[in-house]
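Read through the structure below, which is laid out as structure tokens, and then see the notes.
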Protein chains: 2
Amino acid sequence: MRIQRRITISDVAEAAGVSIATVSKVLNQGYRVSPSTSTRVREAVEQLGYTSSLGASSLRSHRTNVIAALVTAIEPFSVELLKGISAVIHDTEYELLIYVGGQQRSEAGWERAYVSRLGDTLTDGTILVTPSSADVASSVPLVAVDPHDGSAANAVLSDNLTGARIATDHLLDLGHRRIGFLSGRAGLESARAREQGFRSAMAAAGAAVDESLIGVGGYRAKSASAPARSLLTRPDRPTAVFAANDLSAIEFVSVATELGLRIPDDVSLVGFDNIPESLLTDPPLTTVDQSIHDMGAAAANMLLALIKSEDRPPAPSHVVLPTRLVIRRSTAPPPGPR
Amino acid sequence: MRIQRRITISDVAEAAGVSIATVSKVLNQGYRVSPSTSTRVREAVEQLGYTSSLGASSLRSHRTNVIAALVTAIEPFSVELLKGISAVIHDTEYELLIYVGGQQRSEAGWERAYVSRLGDTLTDGTILVTPSSADVASSVPLVAVDPHDGSAANAVLSDNLTGARIATDHLLDLGHRRIGFLSGRAGLESARAREQGFRSAMAAAGAAVDESLIGVGGYRAKSASAPARSLLTRPDRPTAVFAANDLSAIEFVSVATELGLRIPDDVSLVGFDNIPESLLTDPPLTTVDQSIHDMGAAAANMLLALIKSEDRPPAPSHVVLPTRLVIRRSTAPPPGPR
DNA sequence: GTGAAAGCGCTAACAT
DNA sequence: ATGTTAGCGCTTTCAC
């Protein structure tokens with residue numbers, strides 16, 4: 001590494017014996033420049049190792065060929081999503097910039113600040129990953145993935161409703177009727193949809209929902225622990241439980257094991273998300289897969305389309321991706337009468 | 001999402017009834033501004049939701065509080081590294097920008113272009129992840145992680161040589177003598193070191209290396225597939241294989257499974273890297289941990305130190321992180337005579 | 001304490 | 001076909 005002054009367009013211009021405007025023309029459009037000049041400029045560029053500054057050029061041109069993804073952290077969900085995004089971006093003229101927002105970043109609304117900081121002058125469009133709100137003003141197109149509320153104009157979601165329904169149906173098909181539910185985090189759109197899916201599947205099957213069998217799992221291991229325990233220790237415990245996400249399902253497994261209960265012999269369990277860890281429990285979890293990779297790809301495609309049609313903003317659109325049941329070994333028919 | 005004109009410093013100035021210079025002062029240093037003006041400006045900022053444009057401000061100030069990480073792709077190694085980097089960055093005043101270089105990007109030298117594109121005007125320093133060459137001119141400090149050649153002035157490496165040696169020793173200790181090797185990508189420093197470690201451990205144990213048992217795995221699943229198959233289908237297949245990274249080891253597992261071969265009963269396997277996925281194979285992989293997370297943290301700390309001491313550039317430094325063997329279930333003594 | 005003005009590196013009219 | 005000029009949004013002297 002050598003620290004040195006930045007090579008600017010002026011250096012190139014001087015080396016090639018032309019004006020900076022000519023250099024810019026050669027680099028950007030290329031036309032209206034004589035072949036010989038063009039060659040001379042390109043040689044100078046090559047020799048000096050010049051690349052235009054993204055900050056400076058975008059400031060002026062309002063076109064960057066860069067799209068940004070805003071994430072709060074590098075964790076399994078965002079990583080999988082980024083893979084999907086980058087797979088799409090890779091086949092285009094665009095490049096991907098990932099901005100990792102410091103965790104708490106003035107709590108909610110962090111996305112607004114970052115969109116503003118990067119938008120317009122550095123990127124042509126932005127993908128917000130699980131924003132607390134997608135209701136953000138921006139001078140560039142925005143797409144939200146799995147926003148916490150329903151506010152997003154352009155968003156990619158997964159079909160939580162149907163996913164929850166097929167998970168519940170699976171339990172129902174196995175013969176379960178007394179089914180418990182570990183709900184998600186209150187206030188989140190996905191939590192609402194998953195609970196609704198559970199209830200509607202139960203209703204369609206004519207199975208009554210025992211409200212005392214509904215616990216608030218909160219999507220996290222810690223918050224799911226107590227409700228899991230109370231579900232498992234009651235004398236008339238459910239024969240099956242549907243957990244609103246894998247993290248709480250995994251906690252449910254721990255609690256059951258600790259209590260000496262076997263899954264699925266004593267109680268069946270279905271999770272949601274199909275995170276890699278769901279394979280590692282004993283037994284591996286039956287769960288609902290939401291194809292995070294595809295969500296990323298869909299978001300990238302949507303954003304690209306938005307950018308392309310900049311002038312006439314197309315109608316706000318929601319893409320809802322399908323979910324599917326992954327049957328592993330945590331579900332079985334209900335135990336016979338004890 | 002609402003598309004709207006960008007809120008600029010002028011909008012704030014107008015709303016607060018001051019000049020843009022005053023707004024800038026309030027936002028940047030704060031001193032030499034009357035409290036009442038300051039309050040008025042802050043209110044306007046708040047109300048309009050203004051955040052300065054990174055592109056514009058850095059162009060002028062040459063200070064951004066942003067550090068960049070340049071990666072070629074979102075894959076397990078870079079993800080783990082990014083986690084380590086972001087853990088360090090998170091506790092500082094800096095923010096993390098990740099630039100994902102389109103794969104082939106004019107092959108080698110992609111890092112030069114990106115450093116130039118972002119450096120100076122957008123970031124205060126850059127971390128290059130597995131660059132093909134770290135011999136890049138830059139106007140900002142640079143740190144390379146696992147550079148492909150030995151060129152880097154400031155670099156973080158892991159002790160590939162020792163790691164490969166202990167992996168091979170483990171196989172040797174179990175009683176294996178006929179050991180195959182799936183090498184890394186030709187030309188990379190790490191690949192060379194790992195192969196050398198393998199060979200030197202074999203030599204030290206007086207075990208002959210059968211050159212026909214050496215395949216080029218290339219560090220990727222796709223490229224490792226054919227050599228893995230040819231190793232496994234030969235009549236005198238090795239009793240153990242050392243794969244130069246986990247990605248190729250995982251592919252080796254797939255191929256073995258497909259061929260109806262059991263690991264470690266039919267053939268033992270050691271990987272390298274200890275990526276999270278190495279836990280998910282059946283059986284979980286014995287592998288060499290190079291603490292990728294720590295490498296990221298070390299790189300971030302090194303870069304921060306470089307930035308701090310900008311004026312008197314400190315001596316180039318190499319940090320070499322230790323490796324250690326993680327024994328899981330893919331290795332066992334060789335099968336008895338068939 | 002505040003504003004006017006210069007200029008960071010670059011692109012896009014507009015001249016020539 | 002090439003150069004001159006204005007200005008993107010911002011920070012930073014430098015006057016007042």
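All chains are named by letter (A, B, ...) in the order of the sequence lines, taking the proteins before the strands, and each is independently numbered beginning at 1.
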Q | Base-contact (B) and sugar-phosphate-only (S) positions in nucleotides 10-16 of chain C, heavy-atom cut-off under 4.0 Å, - elsewhere | A | BBB----

Q. Side chains of B:R42 and B:V26: does their closest heavy-atom pair fall under 4.5 Å?
A.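 Sidechains of B:V26 and B:R42: in contact.
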
What residues, two or more places apart in sequence or in another chain, satisfy side-chain contact (heavy atoms from CB on, under 4.5 Å) together with [X]?
X	result
B:A297	B:V88
B:L81	B:F77, B:V129, B:V145, B:I292, B:M295
A:L188	A:H148, A:R185, A:S190, A:A191, A:Y219
A:N65	A:R63, A:E93, A:Y94, A:D124

**Q.** Spacing of B:H62 atom NE2 relative to C:dC8 atom C1', expressed in whole Å
**A.**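 To the nearest whole Å, that distance equals 5 Å.
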
Q) Taking only residues two or more places apart in sequence or in another chain, which ones pass salt bridge (Lys or Arg N to Asp or Glu O under 4.0 Å) with B:R192? A)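 Once residues adjacent in sequence are excluded, the partners of B:R192 under the salt bridge (Lys or Arg N to Asp or Glu O under 4.0 Å) criterion are B:E189.
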
Q) Can you name the salt bridge (Lys or Arg N to Asp or Glu O under 4.0 Å) partners of A:K25, sequence neighbours left out? A)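 Expected list: none.
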
Q. What's the closest nucleotide to the A:S19 side chain, out of D:dT4, C:dT2, D:dA1?
A.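 Per side-chain heavy atoms of A:S19, the pick is D:dT4.
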
Q: Could I get the full list of side chain to side chain donor-acceptor pair (under 3.5 Å) partners for A:Y50, not counting sequence neighbours?
A: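 For A:Y50 there are no side chain to side chain donor-acceptor pair (under 3.5 Å) partners, ignoring immediate neighbours.
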
Q.
According to side chain to side chain donor-acceptor pair (under 3.5 Å), who are the partners of B:E75, at least two apart in sequence or on a separate chain?
A.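 B:S78.
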
(Q) Once salt bridge (Lys or Arg N to Asp or Glu O under 4.0 Å) is applied, what residue pairs with a partner in residues 81-91 of chain B remain, sequence neighbours excluded? (A)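 Matches after skipping sequence neighbours: B:E80-B:K83.
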
Q.
At a heavy-atom distance below 4.0 Å, what parts of residues 38-47 of chain A sit against DNA chain C?
A.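 Within residues 38-47 of chain A, no residue comes under 4.0 Å of DNA chain C.
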
Q) Just how large is the angle between the end axes of the helix from C:dG1-D:dC16 to C:dT16-D:dA1, five pairs per end, to 10 degrees? A)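 Nearest ten degrees gives 40° for this helix.
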
Q) Side-chain N or O of A:T22 less than 4.0 angstrom from OP1 or OP2 on D:dG3? A)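 Yes, A:T22 has a side-chain N/O under 4.0 Å of OP1/OP2 on D:dG3.
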
